[in-house]
Participant: 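Structure below; questions to follow.
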Protein chains: 2
Amino acid sequence: MGRGYKWGQKLAGHGFRLTAAREAILDVLSSTNEHVSAEDIYMTVHADNPRIGLTTIYRTLELLEQTGIICKFEFGHGRAKYELSEANSHKKHHHHLICKKCRKIIDYTEFAKAEREYIQKAETGLEKKYRFTIDDHLIHFYGICPECKTG
Amino acid sequence: MGRGYKWGQKLAGHGFRLTAAREAILDVLSSTNEHVSAEDIYMTVHADNPRIGLTTIYRTLELLEQTGIICKFEFGHGRAKYELSEANSHKKHHHHLICKKCRKIIDYTEFAKAEREYIQKAETGLEKKYRFTIDDHLIHFYGICPECKTG
DNA sequence: ATGATAATGGAAACCATTTTCACTATAGAG
DNA sequence: CTCTATAGTGAAAATGGTTTCCATTATCAT
Ligand SMILES: [Mn+2]
Ligand SMILES: [Mn+2]
Ligand SMILES: [Zn+2]
Ligand SMILES: [Zn+2]
């Protein structure tokens, strides 16, 4: 029951195999708190295993997103970024604080109570009024980080 | 004091001219409630004035965004979408409800009180804890619209 | 082992957006 | 009004992240 076991189980549950490439990609995602791009992952994986191509990175990221193992974010900075989903990391449910200048992205988990209240009220109300079935939400705050203010 | 007057003033305040192309683009944005892409705008503008090129659409959208006249959204569907900013339309402050299947986007303005409470609390707290200066936020809810459920 | 299917990598294609560059329109000086 | 500097423009080319193609390889069930 090695490190890959958990992922193997997860993927098998969706009819996929845990290959070396997939494990390498999941390793990168598991061992960072950053929000990494396909190319970030490619470069890290490539250092250890140059046989793994960028195409496989993209394919795997799509697969992992479909199976709910990772989340994809388009912060509007050109390239998509990924992180392990809540259920698959020790990260708590969080939202993002983004510096408009340097593009730093901070996960914050505070204000959970106030957030739950608002989200819950809004979701219920929107489901009723617009007859949507809502299953996800996204909250970003934008501003200037302390480094960019003084710099 | 024609229709373009207001825009002329706004742009002049930033050192820009109100040209025919810019007015045409602002007309499109003013006369829709949808979230339109550069190409949407191009096609509409092009019908009346085929001399206006797509490059100018992109350039103008960037300019209008910089001057705060419009807002750009990257909903993650490949192309950016634009709408007049709050101050420049009769739309109220709103957020978005998005169908994951058909990509329909609904503006909602409900829950303003609960939202203000949460936003206010979060912003204050985040500014204090992370020393950011926050000036914007974005909230999206995702789900399936009624048409896509029955379809 | 064998055949069926899943996974892979490199090259090419895709496609929204940006850049380049030569040209045109305009405002402001004189 | 004319001249000139500058702002604005369009077509074509470039860009760059992502996707598709296709021939090859790995893996699973029999
Ligand atoms: Mn995050
Ligand atoms: Mn909107
Ligand atoms: Zn910053
Ligand atoms: Zn729908």
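Residue numbers begin at 1 in each chain, while the letters A, B, ... track the order of the sequences.
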Participant: For residues A:Glu115 and A:His93, is any side-chain donor paired with an opposing acceptor at under 3.5 Å?
Facilitator: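 On atom types as modelled, these side chains qualify, holding a pair under 3.5 Å.
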
Participant: Do the side chain of A:Lys149 and the main chain of B:Arg131 share a donor and acceptor less than 3.5 angstrom apart?
Facilitator: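 Such a contact is found between A:Lys149 side chain and B:Arg131 backbone.
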
Participant: Is a side-chain donor-acceptor pair under 3.5 Å present for B:His140 with A:His140?
Facilitator: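 Not at all, the side chains of A:His140 and B:His140 share no donor-acceptor pair under 3.5 Å.
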
Participant: What I want to check is whether an N or O donor and acceptor connect the side chain of A:Arg51 with the base of C:dG10 at under 3.5 Å.
Facilitator: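 Between C:dG10 and A:Arg51, which were checked side chain against base, a qualifying N/O pair under 3.5 Å is absent.
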
Participant: Would you mind reading off the distance between B:Glu62 atom CD and C:dT18 atom C1', rounded to a whole angstrom?
Facilitator: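 The distance from CD of B:Glu62 to C1' of C:dT18 comes to 9 Å, rounded to the nearest Å.
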
Participant: Round to a whole Å and report the spacing from CZ of A:Phe16 to C1' of D:dT27.
Facilitator: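 Whole-Å distance recorded here is 15 Å.
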
Participant: To the nearest Å, how far apart are B:Ile57 CD1 and D:dG8 P?
Facilitator: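 Whole-Å distance recorded here is 15 Å.
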
Participant: Taking 4.0 Å as the cut-off, does a side-chain nitrogen or oxygen of B:Arg22 come that near to OP1 or OP2 on D:dT9?
Facilitator: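 Answer yes for this pair, as a side-chain N or O of B:Arg22 is under 4.0 Å from OP1 or OP2.
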
Participant: Would you kindly give the CD-to-C1' distance between A:Glu74 and D:dG16, to the nearest whole Å?
Facilitator: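 Answer to the nearest Å: 15 Å.
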
Participant: In whole angstrom, give the distance that lies between atom CD1 of B:Ile41 and atom C1' of C:dT17.
Facilitator: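 Distance, rounded to whole Å: 14 Å.
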
Participant: Quick one: do the B:Asp107 and B:His35 side chains pair a donor with an acceptor below 3.5 Å?
Facilitator: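 Checked: B:Asp107/B:His35 side chains pair up, N/O donor to acceptor below 3.5 Å.
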
Participant: Which is it for A:Lys92 and A:Glu86 under the salt bridge (Lys or Arg N to Asp or Glu O under 4.0 Å) test, yes or no, and what are the steps along the way?
Facilitator: CA-CA 6 Å; A:Lys92 297 261 176 288; A:Glu86 241 174 276; over 6 Å; no

Participant: Which of these nucleotides, D:dG10, C:dA16, C:dT8, is closest to any side-chain atom of A:Arg59?
Facilitator: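 Closest nucleotide to the A:Arg59 side chain: C:dT8.
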
Participant: If you assign each of A:Ala80 and A:Arg17 to its closest nucleotide in DNA chain D, which residue comes earlier from the 5' end?
Facilitator: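 Counting from the 5' end, the first nearest nucleotide belongs to A:Ala80.
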
Participant: Contact class for B:Thr19 vs. all strands (heavy atom < 4.0 Å): base, sugar-phosphate, or nothing?
Facilitator: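 Sugar-phosphate contact only.
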
Participant: Looking only at side-chain N and O atoms, does A:Tyr58 come under 4.0 Å of OP1 or OP2 in D:dT18?
Facilitator: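 Result: yes.
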
Participant: What is the distance from CG of B:Leu64 to P of D:dG8, rounded to the nearest Å?
Facilitator: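 Spelled out: CG on B:Leu64 to P on D:dG8 is 12 Å.
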
Participant: Measure from NZ on A:Lys72 to P on D:dG17 and round the result to the nearest Å.
Facilitator: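 A:Lys72 atom NZ is separated from D:dG17 atom P by 14 Å.
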
Participant: If you check the A:Thr60 side chain, which of C:dA11, D:dT9, C:dT8 turns out closest?
Facilitator: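 Side chain of A:Thr60 sits closest to C:dT8.
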
Participant: Once you round it to whole Å, what is the distance between C1' of D:dA7 and CD of B:Gln66?
Facilitator: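 Going from B:Gln66 (CD) to D:dA7 (C1'), I get 17 Å.
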
Participant: Given that A:Leu54 and B:Arg79 both sit by DNA chain C, which one's nearest nucleotide is further toward the 5' end?
Facilitator: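 Going by which nucleotide is closer to the 5' end, it is A:Leu54.
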
